Enquirer: 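Structure below; questions to follow.
Position 1 is the first residue of the sequence, and the numbers go up from there. Note that the structure is a prediction, hence the values are computed from the model and not measured.
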Amino acid sequence: MAHKPILIAQISDLHIKAPDSLAYGKVDTARALERCVATLNALAPRPDLVVISGDLADSPTEEEYAHLTRLLAPLQIPLVAVPGNHDSRDLMRTAFAQPLFPAEGALNQVQPVGDVDVVLLDSSVNGQPHGELDDDTLQWLDAVLSSSDRRPALLFLHHPPFRTGIWHMDRQNLRNAAAFATIVERYPWVKLVAAGHVHRATLTQFAGVPATICPAPNHAVALDLGELLEPSFRIEPPAFHLHAWFADDSFGDLVTHQIPIGAYDGPHPFFGPDGKLL
């Protein structure tokens with residue numbers, strides 16, 4: 001029997017506000033997260049881990065993080081989180097109290113899941129919308145990746161290290177992507193670079209590695225590849241990413257599925273009891 005894959009669900013850009021408040025006066029991000037949690041819990045098989053890749057809160061405030069923890073309480077899957085530009089490192093330390101969080105500085109962490117290392121990189125810059133991996137984070141990443149030449153690594157951060165073509169988001173990207181790429185290129189066991197921030201499903205390559213942006217459970221940044229719009233958002237079908245790693249004789253194969261949030265009709269069989277196509 002083939003080995004079961006390691007499943008890592010990635011959700012991103014929750015933007016939780018105080019109770020009974022709407023993001024941008026329009027988006028009920030709390031209700032969106034409730035639907036997302038219900039969809040995660042209903043997955044079969046369930047993921048081994050949920051990664052939240054930034055912008056957990058919106059302002060941020062203690063009240064928002066308290067609301068967030070209540071909304072996440074029904075989740076029946078272990079989770080880890082990394083800050084985005086809307087987050088506070090100090091408030092996240094208090095709200096989550098994860099033993100993997102360092103006592104000070106960037107909230108970098110590594111979470112082993114079976115034969116895979118899930119590596120979370122804190123790209124947040126206090127008070128700024130753009131991202132940067134500070135020198136300590138880059139040195140830490142190099143040390144983590146060099147510690148084993150056998151364990152595949154999946155890297156998660158909030159700010160994309162590549163352009164999307166959406167002008168007002170690209171100016172908020174990871175500022176030192178070149179320094180990040182130099183490290184990633186050294187290690188063939190890096191299987192994924194996964195970001196958030198843009199609220200849209202996006203796929204490219206970065207430093208020779210598949211790179212993705214996770215969609216959001218609430219609203220999407222408007223797709224504007226011609227600089228035709230002011231910074232805008234749209235209410236589009238919500239989703240998240242499910243990263244599946246399959247073992248092989250090398251560093252494994254990784255495939256990413258986009259999972260729609262909500263309940264949909266099915267599954268329905270293609271074939272009847274007689275084996276004939278219905």
Enquirer: Calculate, to the nearest 0.5 Å, the distance between atoms CD1 and OG1 belonging to I16 and T61 respectively.
Expert: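 I16 CD1 to T61 OG1: 11.5 Å, rounded to 0.5 Å.
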
Enquirer: When rounded to the nearest 0.5 angstrom, what is the spacing between CG in L154 and OG1 in T212?
Expert: 10.0 Å

Enquirer: Do M169 and Q172 come close enough that some side-chain heavy atom pair is under 4.5 Å?
Expert: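 M169 reaches Q172 side chain to side chain.
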
Enquirer: Can you hop from V221 to W167 via hydrophobic side chains spaced under 4.5 Å?
Expert: no

Enquirer: Could you report the tightest heavy-atom contact between A195 and Q10, atom names first, then the distance?
Expert: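 In this case the closest contact between A195 and Q10 is O-NE2, 3.0 Å.
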
Enquirer: Under 3.5 Å, is there a donor on one side chain and an acceptor on the other for S124 and D122?
Expert: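 Indeed, the side chains of S124 and D122 share at least one donor-acceptor pair under 3.5 Å.
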
Enquirer: Does the D55 side chain pair with the main chain of N85, one donor and one acceptor, at a distance under 3.5 Å?
Expert: yes

Enquirer: Counting only heavy atoms not in Q258, do more than 12 sit closer than 6.0 Å to its CD atom?
Expert: yes

Enquirer: Is V50 reachable from F101 through a run of hydrophobic residues whose side-chain heavy atoms are each under 4.5 Å from the next?
Expert: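 In one cluster: yes.
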
Enquirer: For the residue pair S123 and H159, what are the closest heavy atoms and their distance?
Expert: OG-ND1, 2.8 Å

Enquirer: Ignoring hydrogens, what is the shortest heavy-atom contact between A9 and L40? Give both atom names and the distance.
Expert: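 Heavy-atom minimum between the residues: CB-CD2, 3.7 Å.
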
Enquirer: For the pair D224 (side chain) and L229 (backbone), establish whether a donor and an acceptor sit closer than 3.5 Å, ignoring hydrogens and angles.
Expert: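 Flag set: sc D224 to bb L229 pair under 3.5 Å.
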
Enquirer: Are side-chain heavy atoms of L14 and P217 found at a separation under 4.5 Å?
Expert: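 L14 vs P217: side chains touch.
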
Enquirer: On a heavy-atom basis, which atom in G105 and which in R93 lie closest, and how many Å separate them?
Expert: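 Scanning both residues completely, I find the closest heavy atoms to be O-NH2, 2.7 Å.
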
Enquirer: With a sphere of 6.0 Å drawn around CZ of F270, does it hold more than 12 non-hydrogen atoms of other residues, nucleotides or ligands?
Expert: no

Enquirer: Return yes if a side-chain donor-acceptor contact under 3.5 Å exists between N218 and T29, otherwise no.
Expert: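 No, T29 and N218 have no side-chain donor paired with an acceptor closer than 3.5 Å.
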
Enquirer: Measure the CG-SG distance between L71 and C36 for me, rounded to the nearest 0.5 Å.
Expert: 11.0 Å

Enquirer: By the definition side-chain contact (heavy atoms from CB on, under 4.5 Å), identify the one residue from L7, D253, I6 that meets it with W245.
Expert: I6

Enquirer: Between D117 and V119, is there a donor-acceptor pair closer than 3.5 Å when you use the side chain of the first and the backbone of the second?
Expert: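 Not confirmed, D117 side chain does not pair with V119 backbone.
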
Enquirer: Any idea which heavy atoms bring P60 and D87 closest together, and the distance?
Expert: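 Taking every non-hydrogen atom into account, CG-C, 3.8 Å.
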
Enquirer: Measure the acute angle between the ring planes of F96 and Y65, then classify it against the limits of 30° and 60° as parallel, tilted or perpendicular.
Expert: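 Judged by the thresholds at 30° and 60°, the geometry between F96 and Y65 is perpendicular.
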
Enquirer: Are L121 and V116 in one and the same hydrophobic cluster, where Ile, Leu, Val, Met, Phe, Trp and Tyr link if side-chain heavy atoms are under 4.5 Å apart?
Expert: no

Enquirer: Donor-acceptor pair, D48 side chain versus I8 backbone, under 3.5 Å?
Expert: no

Enquirer: When you compare the side chain of R186 with that of D142, does any pair of heavy atoms fall below 4.5 Å?
Expert: yes

Enquirer: Within a reach of under 6.0 Å around CG of D20, are more than 12 heavy atoms found that belong to other residues, nucleotides or ligands?
Expert: no

Enquirer: Which label fits H219 and H15: parallel for a plane angle under 30°, tilted from 30 to 60°, or perpendicular past 60°?
Expert: tilted

Enquirer: Hydrophobic cluster membership, with links at side-chain heavy-atom distances under 4.5 Å among I/L/V/M/F/W/Y: are F180 and Y187 in one?
Expert: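 Yes; tracing contacts between hydrophobic side chains, which count when under 4.5 Å, links both residues.
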
Enquirer: Nearest heavy-atom pair of N108 and P102: which atoms, and what distance?
Expert: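 Closest approach of N108 to P102: O-CD, 3.4 Å.
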
Enquirer: Count the heavy atoms belonging to other residues, nucleotides or ligands that lie under 6.0 Å from CD of Q76, then report whether that count exceeds 12.
Expert: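 Counting neighbours around CD of Q76, more than 12 heavy atoms of other residues, nucleotides or ligands fall under 6.0 Å, so yes.
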
Enquirer: Nearest 0.5 Å, what's the OG-CD distance between S88 and E64?
Expert: 10.5 Å

Enquirer: Report yes if the side chains of I213 and H197 come closer than 4.5 Å at any heavy-atom pair, otherwise no.
Expert: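 With C-beta onward as the side chain, the pair stays apart.
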
Enquirer: Quick check: do F156 and V80 have side-chain heavy atoms less than 4.5 Å from each other?
Expert: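 No, side chains not in contact.
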
Enquirer: Side-chain contact test, heavy atoms from C-beta onward, threshold under 4.5 Å: evaluate it for V27 versus L22 and give yes or no.
Expert: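 No; the side chains remain at least 4.5 Å from each other.
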
Enquirer: So does V82 get a backbone contact from the side chain of Q109, meaning a donor-acceptor N/O pair under 3.5 Å?
Expert: no

Enquirer: For H241 and H243, take the angle between the two ring planes, folded into 0 to 90°, and tell me which bin it lands in: parallel under 30, tilted 30 to 60, perpendicular over 60.
Expert: perpendicular

Enquirer: So with a 6.0 Å cut-off around CZ of R234, is the heavy-atom count from everything else above 12?
Expert: no

Enquirer: Within the side chain of H199, is there an N or O that forms a donor-acceptor pair under 3.5 Å with the backbone of A220?
Expert: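 Not confirmed, H199 side chain does not pair with A220 backbone.
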
Enquirer: Can you tell me if R163 has over 12 outside heavy atoms packed within less than 6.0 Å of its CZ?
Expert: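 Open: at most 12 neighbouring heavy atoms sit under 6.0 Å from CZ of R163.
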
Enquirer: Ignoring hydrogens and geometry, is there a side-chain-to-backbone donor-acceptor pair from R150 to W189 under 3.5 Å?
Expert: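 Pair absent, no side-chain N/O of R150 close to backbone of W189.
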
Enquirer: Can you confirm whether more than 12 heavy atoms, excluding those of D249, are under 6.0 Å from its CG atom?
Expert: no

Enquirer: Taking side chain as C-beta onward, heavy atoms only, is W140 less than 4.5 Å from L133?
Expert: no

Enquirer: Could you state the interatomic distance from CG (L242) to OG1 (T39), rounded to the nearest 0.5 Å?
Expert: 12.0 Å

Enquirer: Between the side chains of D170 and T164, does any donor sit under 3.5 Å from an acceptor?
Expert: yes

Enquirer: Taking the side chain as every heavy atom from C-beta outward, state whether L79 and I77 have any atom pair closer than 4.5 Å.
Expert: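 Result no, sub-4.5 Å side-chain heavy-atom pair not found.
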
Enquirer: Calculate, to the nearest 0.5 Å, the distance between atoms NE2 and CG belonging to H67 and L33 respectively.
Expert: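 If we round to the nearest 0.5 Å, H67:NE2 and L33:CG are 8.5 Å apart.
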
Enquirer: Using the rule that Ile, Leu, Val, Met, Phe, Trp and Tyr join whenever any side-chain heavy atoms are under 4.5 Å apart, tell me whether L56 and I261 fall into a single cluster.
Expert: yes

